[in-house]
Amino acid sequence: MNKFWETGRKIVAVGRNYAQHAKELGNEIPSEPFFFLKPTSSYLLQGTGPIEIPTESSDIHHEVELGIVIGKKGRDIDLKSAMDYVSGYTLALDMTSRDQQSIAKAKSLPWTVSKGYDTFCPISGFIPKDKIKDLNNVELWCSVDDQIKQKGNTNQMIFDVPHLIQYISSIMTLESGDLILTGTPSGVGPVKPGQVIKCGITGLDSDMQFDIVLRKRN
């Protein structure tokens, strides 16, 4: 699974899983997990290139997240065995075109466009499962031009990882190499071409850095 970005078939992104983030965007706190899909073509591995800002969008936001890499196929997974399906983790960004997302919300349309551009799922690479000892105490941070914008802990998540795995697998089969993005803490905000975004997990050698550039159309 150390190259899940090449073998996985889907990215399942959980929304509004941190109460403060839901509130900062004016959303209700969910009573059950809420998720959407991102295409695997949106992966951008650390060190392979910049995050590209599409010319048709003027409000691109960073959302730092802990990603869960699925290690084996499972359906209707129960809580007690949920962690047996986890092979490891990744640090990820769920880049979002906030202006296009707002348009989609107003029209009750899916978020695919706002979440699915190429380079809109930057990742650090594979983090072995044993590198994170306490999944309920993982501090994530994100900076733009060396100014900290997001800092939050997985102990603030509304639904923990086993519950997410149980819920998602009750709807769709999870397969080896699939990635679950577990939600973002508060502090999301815009990035512009020319800026540099950095993210990390406190106490773990997983930092990643990306330049922000304007996408060039062929």
Side-chain angles (χ1 to χ4, degrees), residues 1-5 7-23 25 27-38 40 43 63-94 111 115 121-142 150-188 199-206:
M1 286 303 99
N2 58 352
K3 290 189 176 182
F4 64 89
W5 56 90
T7 60
R9 298 178 64 181
K10 57 185 171 290
I11 303 169
V12 183
V14 177
R16 305 171 188 170
N17 199 27
Y18 288 74
Q20 290 303 314
H21 170 59
K23 291 178 180 178
L25 295 183
N27 296 313
E28 293 183 1
I29 297 174
S31 58
E32 63 181 17
F34 160 76
F35 66 88
F36 53 91
L37 299 179
K38 290 172 73 84
T40 56
Y43 276 134
E63 298 186 9
V64 67
E65 312 205 8
L66 179 66
I68 309 300
V69 181
I70 298 300
K72 61 181 181 179
K73 187 175 182 178
R75 181 185 184 200
D76 294 330
I77 300 168
D78 61 47
L79 282 176
K80 291 183 179 180
S81 62
M83 292 305 297
D84 295 339
Y85 290 80
V86 175
S87 66
Y89 310 100
T90 193
L91 180 65
L93 281 164
D94 173 22
W111 298 357
K115 297 284 191 176
C121 190
I123 52 172
S124 64
F126 183 74
I127 301 172
K129 189 175 182 179
D130 62 1
K131 293 296 184 180
I132 294 181
K133 305 301 183 182
D134 183 0
L135 197 54
N136 295 314
N137 187 26
V138 179
E139 185 178 75
L140 310 171
W141 59 268
C142 177
Q150 290 185 270
K151 182 174 282 189
N153 196 295
T154 56
N155 61 23
Q156 300 166 338
M157 292 198 304
I158 299 169
F159 306 103
D160 63 15
V161 171
H163 278 87
L164 294 177
I165 292 173
Q166 178 195 47
Y167 183 80
I168 295 167
S169 70
S170 73
I171 296 167
M172 60 183 65
T173 298
L174 289 171
E175 300 169 291
S176 179
D178 285 351
L179 181 67
I180 299 175
L181 300 182
T182 57
T184 191
S186 62
V188 302
C199 304
I201 296 174
T202 303
L204 198 63
D205 184 18
S206 62

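- Counting only distance, with no hydrogens or angles, the side chain of K129 and the backbone of M83 share a donor-acceptor pair below 3.5 Å.
- Considering CG of N137 and CG of N153, their distance stands at 4.5 Å, rounded to 0.5 Å.
- Listed for the E139 side chain is no donor-acceptor partner under 3.5 Å among the backbone atoms of K151.
- The shortest distance between side-chain heavy atoms of S87 and F126 falls below 4.5 Å.
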I would like to know whether D84 and S81 meet side chain to side chain donor-acceptor pair (under 3.5 Å); could you show each step before the answer?
CA-CA 5 Å; D84 295 339; S81 62; 5.1 Å; no

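- Formation of a donor-acceptor pair under 3.5 Å by the K38 side chain with backbone atoms of I11 is not found in this model.
- Here the closest non-hydrogen pair linking K73 and Y85 is O-CE2, 3.3 Å.
- At least one donor-acceptor pair under 3.5 Å links the side chain of T90 to the backbone N or O of G125.
- Within the 4.5 Å cutoff, no side-chain heavy atoms of I201 are placed close to those of Y89.
- Using a 4.5 Å cut-off on side-chain heavy atoms (C-beta onward), Y43 and L179 make contact.
- For D160 (side chain) and H163 (main-chain N/O), a donor-acceptor pair under 3.5 Å exists by modelled atom type.
- Here CG of D78 is found 12.0 Å from OG of S170. Values are rounded to the nearest 0.5 Å.
- Residue D130 places its CG atom among more than 12 non-hydrogen atoms of other residues, nucleotides or ligands, all under 6.0 Å distant.
- Remark: F159 engages no residue in a ring pair (Phe, Tyr, Trp, His ring centres under 6.0 Å) (not counting sequence neighbours).
- A donor-acceptor pair is defined here as one N or O able to donate and one able to accept, closer than 3.5 Å; no such pair exists between the side chain of N17 and the backbone of M157.
- Residues T182 and L164 are in side-chain contact: their nearest non-hydrogen atoms beyond the backbone lie under 4.5 Å apart.
- The nearest pair of heavy atoms linking G74 to S169 is O-CB, 4.2 Å.
- The backbone N or O of V138 lies less than 3.5 Å from a partner atom in the side chain of T154, making a donor-acceptor pair.
- Q150 CD to Y18 OH: the interatomic distance, rounded to the nearest 0.5 Å, is 9.5 Å.
- Atom CZ of F34 sits about 10.0 Å away from atom OH of Y167, to the nearest 0.5 Å.
- Of the inter-residue distances, the one linking I70 atom CD1 with I77 atom CD1 reads 6.5 Å to the nearest 0.5 angstrom.
- Counting only heavy atoms from C-beta outward, the side chains of L135 and L66 approach each other to under 4.5 Å.
- Side-chain contact check for L91 versus L204: every heavy-atom pair is 4.5 Å or farther apart.
- Side-chain contact between L37 and W111 is absent, with no heavy atoms from C-beta onward closer than 4.5 Å.
- Closest non-hydrogen pair, S176 versus G71, comes out as OG-O, 3.4 Å.
- Listed here is the closest heavy atom pair of D94 and K115: OD2-NZ, 2.8 Å.
- At least one donor-acceptor pair under 3.5 Å links the side chain of E65 to the backbone N or O of G183.
- No side-chain heavy atom of R9 sits less than 4.5 Å from a side-chain heavy atom of T40.
- T173 OG1 to I168 CD1: the interatomic distance, rounded to the nearest 0.5 Å, is 12.5 Å.
- Of all the heavy atoms in C142 and L93, the pair that sits closest is SG-CD2, 4.3 Å.
- Between A92 and I123, the shortest heavy-atom distance links the atoms CB-CG2, 4.0 Å.
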